[in-house]
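What follows is one structure encoded as structure tokens, with my remarks underneath.
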2 protein chains.
Amino acid sequence: MSEGVEWAVHCCVVLTSVAAPVPAARLAELHQVSPTYLAKQLQALARAGLVFSVQGKSGGYVLSRPPAEITLLDVVEAIDGPEPAFVCTEIRQRGPMATPAEYCTTPCPISRAMAASESARRDALRSVTIAGLAEQVEAGSGAGTLNGVAAWLGSTGT
Amino acid sequence: MSEGVEWAVHCCVVLTSVAAPVPAARLAELHQVSPTYLAKQLQALARAGLVFSVQGKSGGYVLSRPPAEITLLDVVEAIDGPEPAFVCTEIRQRGPMATPAEYCTTPCPISRAMAASESARRDALRSVTIAGLAEQVEAGSGAGTLNGVAAWLGSTGT
DNA sequence: GGTCAGGTACTCGGATAGAGTATGTCCGAGTGAGTAGGG
DNA sequence: CCCTACTCACTCGGACATACTCTATCCGAGTACCTGACC
């Protein structure tokens, strides 16, 4: 899986506690990652409609929806793309013992099994929201952690 | 996901109906895929212990276990590798607002959610066996399909 | 006829090139804020 | 004192290089089968 997914999810979680837009460069500084590449991931989030991008002097990125309405699946698909990992190339219709196309009314069993596993993964990802993740972060690292991060993001120093 | 996974699964399914070893080149001809690259995938299956490779004039590959004891997960992991797609790089421990390492006794919530989705996918893949797939192929394409393929694999002509 | 040695052809196995995608970087377009001037 | 127009600095956005993995290929190592000779 793309490493940018992890960055994007972390960004969404910290964005839950801020109201003003946060520039990509500041998020990169917070996470110590490549600013330009993180910007690319945030652009993908913007294209997917998960965040709003505002330009200008005090611009940046803001969540476009309440965190409870953004699922982990939304973020993963925004970065990695919505197409499933497994694509059936219809091997059964090729070669000397090919199954005639008229018999292939349903997806082949292998494709179905792969689709089922993909679906299970997507269901698991869909059941987790950004708000839920933020809640767990607070529970794990202490209440007020995200507010502290938000304060740092809003300030100008290091 | 690696395209070789699809090839490998198809090979495992057709191997359920043969007793004698089948050369990689013949499986490639059956599926109309690159012989040398398919050979590489079969080598991976052999390394994982899913198939036995026998050398010599009438050599080839045979399933090492009853098809009911080989799961789709086994094949996928043999080709794509057993390591999970998502790897947590512990972003929370980096940057100016880093969480101290002593607070990181449990995996971060994001990592946990990703692991859960991976686990769901693996469970789905584990619940499908090669024998089950072969059964569904017979049900879909007509009884005797696999035996016909087996006969073709055993013969010498095209 | 049976046994054994040798050759041969066929197999797998790992080491070796090429293509596509993920990663990382750069510069230009756009815009909101701040400022200076005028009314 | 308020309004307006301008400048400017800061932001995003897409176009451009680089590294790595997936795909595809080649040739060498090994082995079972077949053939032939010998007993």
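Residue numbers start from 1 in every chain, and the chains themselves are labelled A, B, ... in the order their sequence lines are given, proteins ahead of strands. All values reported here derive from a predicted model rather than from experimental measurement.
Rounded to a whole Å, the CD1 atom of B:I79 is 10 Å from the P atom of D:dT23. Atom C1' of nucleotide D:dC22 and atom CD of B:E6 are separated by 15 Å, given to the nearest angstrom. Atom pair B:M1:CE and D:dC22:P shows a separation of 12 Å (rounding to whole Å applied). One interatomic measurement links the two molecules: CZ of A:R47 to P of D:dC12, which rounds to 14 Å at whole-angstrom precision. Separating the CZ atom of B:F52 from the P atom of D:dG30 is a distance of 21 Å, rounded to the nearest angstrom. Between B:L42 atom CG and C:dG14 atom C1' the separation is 15 Å, expressed in whole Å. Here the C1' atom of nucleotide C:dT21 and the CD atom of B:E3 are 14 Å apart, to the nearest Å. In this structure, CD of B:Q43 is placed 13 Å from C1' of D:dA29, rounded to the nearest angstrom.
Checking side-chain atoms of A:T71 against main-chain N and O of A:D74 turns up a donor-acceptor pair under 3.5 Å. B:D80 contributes no side-chain N or O that, together with a main-chain N or O of B:E77, makes up a donor-acceptor pair within less than 3.5 Å. Formation of a donor-acceptor pair under 3.5 Å by the B:Q41 side chain with backbone atoms of B:I79 is not found in this model.
Within 4.0 Å (heavy atoms only), A:A24 reaches sugar-phosphate atoms of the nucleic acid but no base atom. Among the heavy atoms of the strands, none lies under 4.0 Å from B:A39.
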### Message
Base contacts versus sugar-phosphate-only contacts with protein, heavy atoms under 4.0 Å: please encode nucleotides 25-37 of chain C as B, S and - from 5' to 3'.
### Response
BB---BBSS----
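For the residue pair B:E6 / A:T89, a side-chain donor-acceptor distance below 3.5 Å is found, with atom types taken as modelled.
In terms of hydrophobic clustering, with Ile, Leu, Val, Met, Phe, Trp and Tyr side chains grouped at heavy-atom distances under 4.5 Å, A:I91 and B:Y37 are assigned to a common cluster. Hydrophobic cluster membership is shared by A:M1 and A:W7, with clusters built from Ile, Leu, Val, Met, Phe, Trp and Tyr side chains linked at under 4.5 angstrom.
Within residues 87-94 of chain B, no residue has a heavy atom under 4.0 Å from DNA chain C.
Atom CD of B:E135 has 12 or fewer heavy atoms from other residues, nucleotides or ligands within 6.0 Å.
The phosphate of C:dG13 (OP1 or OP2) has a side-chain N or O of B:S53 nearer than 4.0 angstrom.
Within the 4.5 Å cutoff, side-chain heavy atoms of A:C104 are placed close to those of A:T99. For the pair B:I70 and B:V75, the minimum side-chain heavy-atom distance is below 4.5 Å. When side chains are defined from C-beta on, B:R26 counts as touching B:W152, because their heavy atoms get closer than 4.5 Å. Here the side chains of B:L133 and B:V128 are in contact, with some heavy-atom distance below 4.5 Å.
One axis for each end of the helix from C:dG1-D:dC39 to C:dG39-D:dC1, each built from five base pairs, and the angle between them comes to 20° at 10° resolution.
Of the candidates D:dC22, C:dG13, D:dT11, D:dT11 carries the atom nearest the A:P23 side chain, counting heavy atoms from C-beta on.
B:L72 and B:L125 make their closest contact through CB-O, 3.4 Å (heavy atoms, listed as atom of the first residue, atom of the second, distance).
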